[in-house]
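Presented below is the structure to which this report refers.
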Amino acid sequence: MLITHDTRCALDTVVDLVNTSPDEDAGTADRLATVAALEDFVRKNEISDVGVLAEPDLAAVVAVRDRFAEVFAAPDPHAAAALINELVAAAGTTPRLTDHDGYDWHVHYFAPGASVADHLAADCGMALAFFVVAGEQERLRRCDAPDCRHAFVDLSRNRSRRYCDSRTCGNRLHVAAYRARRKEAAG
């Protein structure tokens, strides 16, 4: 599956957005609880064409985030497609070619002057749509670590990635399994 630069940026952004959600089981707070946090998110993800942000923008982005979380939890492509269609339609997509900020030609799906929530819904929604269209919805996953559950997109060649980060979640679980095997063998 060919993933262009703009699609990859949108995928990284939607994963980062979904992972700002609070997780009561893991004891993590909402990482988008304030307008300042939203401004940091926008800056970190280099989201273009965003004006001054306010409380209504924060509420709208949190609502979009919750819908994207549902896409990652969708049981099948039909459910994922319905959610993505709703997000993209509500954003009022207006596809256009652009070559801003030193990047080659790419497509923006949000209308000029769109809110940050509509921008995210359109561009990130279309990036996820490409996976559903390609029959690759199962690549939209949650970490297998029981105390994590972060979203990620499995871009491995054989669709085998299980953890959001193999250096942290994956390694931690492998070490725990190793220690359990050693303890059982010694006991």
Side-chain angles (χ1 to χ4, degrees), residues 1-33 37-38 40-42 44-47 58-88 90-91 109 116-117 119-180:
M1 179 172 181
L2 174 67
I3 299 175
T4 60
H5 167 77
D6 53 317
T7 301
R8 180 58 193 253
C9 288
L11 290 172
D12 291 344
T13 298
V14 72
V15 164
D16 193 27
L17 179 63
V18 170
N19 290 337
T20 65
S21 296
D23 185 347
E24 293 173 17
D25 294 335
T28 58
D30 189 339
R31 291 184 14 235
L32 270 187
L38 177 59
D40 288 343
F41 175 85
V42 165
K44 175 186 170 201
N45 287 283
E46 299 178 358
I47 301 170
L58 177 60
V61 169
V62 167
V64 167
R65 173 187 71 184
D66 294 345
R67 298 298 290 181
F68 279 132
E70 292 177 40
V71 173
F72 277 84
D76 58 60
H78 293 309
L83 291 162
I84 293 167
N85 284 340
E86 288 174 20
L87 279 160
V88 171
Y109 294 95
V116 67
H119 179 142
L120 291 168
D123 275 4
C124 296
M126 289 305 300
L128 296 178
F130 296 140
F131 280 81
V132 174
V133 167
E136 300 284 350
Q137 184 235 341
E138 74 275 0
R139 289 182 181 267
L140 309 177
R141 297 192 175 158
R142 292 288 189 160
C143 185
D144 275 357
D147 59 341
C148 178
R149 306 303 298 154
H150 274 155
F152 68 93
V153 178
D154 180 3
L155 297 177
S156 67
R157 190 173 294 208
N158 62 358
R159 297 174 191 86
S160 62
R161 187 170 161 200
R162 297 176 44 211
Y163 306 107
C164 64
D165 186 345
S166 61
R167 290 181 311 273
T168 54
C169 291
N171 191 44
R172 189 171 21 108
L173 288 172
H174 287 110
V175 167
Y178 171 77
R179 287 181 179 156

How about [X] and [Y]: do any of their side-chain heavy atoms sit closer than 4.5 Å?
X    : Y    : value
L17  : L32  : yes
R65  : D30  : yes
R31  : D16  : yes
D165 : F152 : no
V88  : Y109 : no
L87  : E70  : no
V61  : F41  : no

What are the two closest heavy atoms between [X] and [Y], and how far apart are they?
X    : Y    : answer
F68  : C124 : CZ-CB, 3.5 Å
N158 : S160 : OD1-OG, 2.6 Å
L58  : A33  : CD2-O, 3.7 Å
C143 : C164 : SG-N, 3.3 Å
V15  : F72  : CG2-CZ, 4.0 Å
R139 : R157 : NH2-O, 3.8 Å

Next on the checklist: Applying side-chain hydrogen bond (donor to acceptor under 3.5 Å, both in side chains), can you list everything that pairs with D154, at least two apart in sequence or on another chain?
Outcome noted: R141, S156
Checklist entry - Got a sec, which residues hit side-chain hydrogen bond (donor to acceptor under 3.5 Å, both in side chains) with D12, two or more places apart in sequence or on another chain? => result R8
Rounded distance (nearest 0.5 Å) linking atom [atom1] of [X] with atom [atom2] of [Y]:
X    : Y    : atom1 : atom2 : result
C169 : D144 : SG    : CG    : 10.0 Å
N45  : D40  : CG    : CG    : 11.0 Å
L120 : I47  : CG    : CD1   : 4.5 Å

Checklist entry - Taking only residues two or more places apart in sequence, or in another chain, which ones meet A79 in a side chain to side chain contact (heavy atoms under 4.5 Å, CB included)? => result A74, P75, D76
Item to check | Donor-acceptor contact present, side-chain N19 to main-chain A151, <3.5 Å | outcome: yes
Item to check | NZ/NE/NH1/NH2 to OD/OE distance under 4.0 Å, D23 and R149 | outcome: no
Item to check | Working for side-chain contact (heavy atoms from CB on, under 4.5 Å), residues F131 and L11 | outcome: CA-CA 10 Å; F131 280 81; L11 290 172; 3.4 Å; yes
Checklist entry - Stepwise, does the side-chain contact (heavy atoms from CB on, under 4.5 Å) test hold for R142 with V18? => result CA-CA 10 Å; R142 292 288 189 160; V18 170; 3.5 Å; yes
